[in-house]
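When a ligand or atom number is given, it counts from 1 through the structure's own listing order. Residues: numbered from 1 along the sequence shown. Model, not experiment: these values are computed from the prediction.
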Amino acid sequence: MKKIGLFPGSFDPFTKGHEAIIKKSIPLFDEIIIGIGINSTKKYMFDTDKRIEHIRSLFSGQKTIRVEQFEKLTVRFCQDVGANFIIRGLRNSKDFEYEKSIAHMNFELSEIDTVFLLTEQKYAAISSSIVREIHANNGPIDSFVTNPNLLV
Ligand code: ADP
């Protein structure tokens with residue numbers, strides 16, 4: 001059976017923490033889909049097309065990775081693209097508690113398992129929301145995001 005993993009998230013923006021989770025996932029999966037989940041009631045700081053282009057550019061040499069957007073239940077999107085695993089990154093026990101409930105519910109809905117990968121210590125403090133806060137105040141975000149120039 002082909003192992004196809006979906007890494008879903010808002011990725012507003014895609015940080016070095018997200019990037020490291022994908023790099024760790026490459027040897028584990030035959031294919032990886034990075035899925036930008038769009039919630040029509042949510043406002044994003046970075047334009048969706050720019051977020052997609054930014055992530056694509058980071059993995060342009062990787063034949064097994066593709067980037068797509070979706071606007072539906074994560075498990076439904078998994079079924080659309082044939083993903084049999086969901087990939088999520090963990091920074092701390094708070095992430096774990098939150099992710100655990102979602103993973104249980106997703107399994108209940110679809111029997112799709114979630115694979116958790118622990119972040120590297122050096123990225124454990126990075127969150128997209130703090131990066132947005134810095135960017136909103138005209139601070140530099142290049143310590144947290146690779147090639148941030150592609151986002152603006
Ligand atoms: P969501 O809105 O779905 O939480 P995010 O874009 O914030 O989307 O995060 C997507 C995934 O990446 C989640 O599994 C989250 O825990 C993980 N993640 C976020 N920041 C980091 C980081 N610094 N290191 C590793 N994983 C991270």
Aromatic contact, Phe46 with His135 (centres under 6.0 Å): yes

Between Glu97 and Lys100, does any side-chain N to carboxylate O distance fall below 4.0 Å? yes

Using a 3.5 Å cut-off on N/O to N/O, what pairs does ligand 1 make with the protein? A line per pair would be great.
unit_1	atom_1	unit_2	atom_2	d
ligand 1	2 (O)	Ser10	OG	2.7
ligand 1	3 (O)	Arg88	NH1	3.2
ligand 1	3 (O)	Arg88	NH2	3.3
ligand 1	6 (O)	Ser10	N	3.3
ligand 1	6 (O)	Phe11	N	3.0
ligand 1	6 (O)	His18	NE2	3.4
ligand 1	8 (O)	Ser10	N	3.2
ligand 1	9 (O)	His18	NE2	3.4
ligand 1	12 (O)	His18	NE2	3.4
ligand 1	14 (O)	Arg88	NE	3.1
ligand 1	14 (O)	Gly89	N	3.0
ligand 1	14 (O)	Gly89	O	3.3
ligand 1	16 (O)	Gly89	O	2.7
ligand 1	20 (N)	Arg91	NH1	3.3
ligand 1	23 (N)	Tyr123	O	2.9
ligand 1	23 (N)	Ile126	O	2.9
ligand 1	24 (N)	Thr119	OG1	2.8

Relative to Tyr44, does Arg51 satisfy both conditions: NZ or CZ under 6.0 angstrom from the six-membered ring centre, and within 45 degrees of the ring's axis? yes

Under the salt bridge (charged side-chain N to carboxylate O under 4.0 Å, His left out) rule, what do Arg66 and Glu31 come out as? Steps first, then yes or no, please. CA-CA 8 Å; Arg66 64 180 204 272; Glu31 278 176 41; 3.3 Å; yes

Please check this pair: side chain of Lys24 against backbone of Leu118, looking for a donor-acceptor N/O pair closer than 3.5 Å. no

Do Arg132 and Ser129 meet the criterion of a side-chain donor-acceptor pair at a distance under 3.5 Å? no

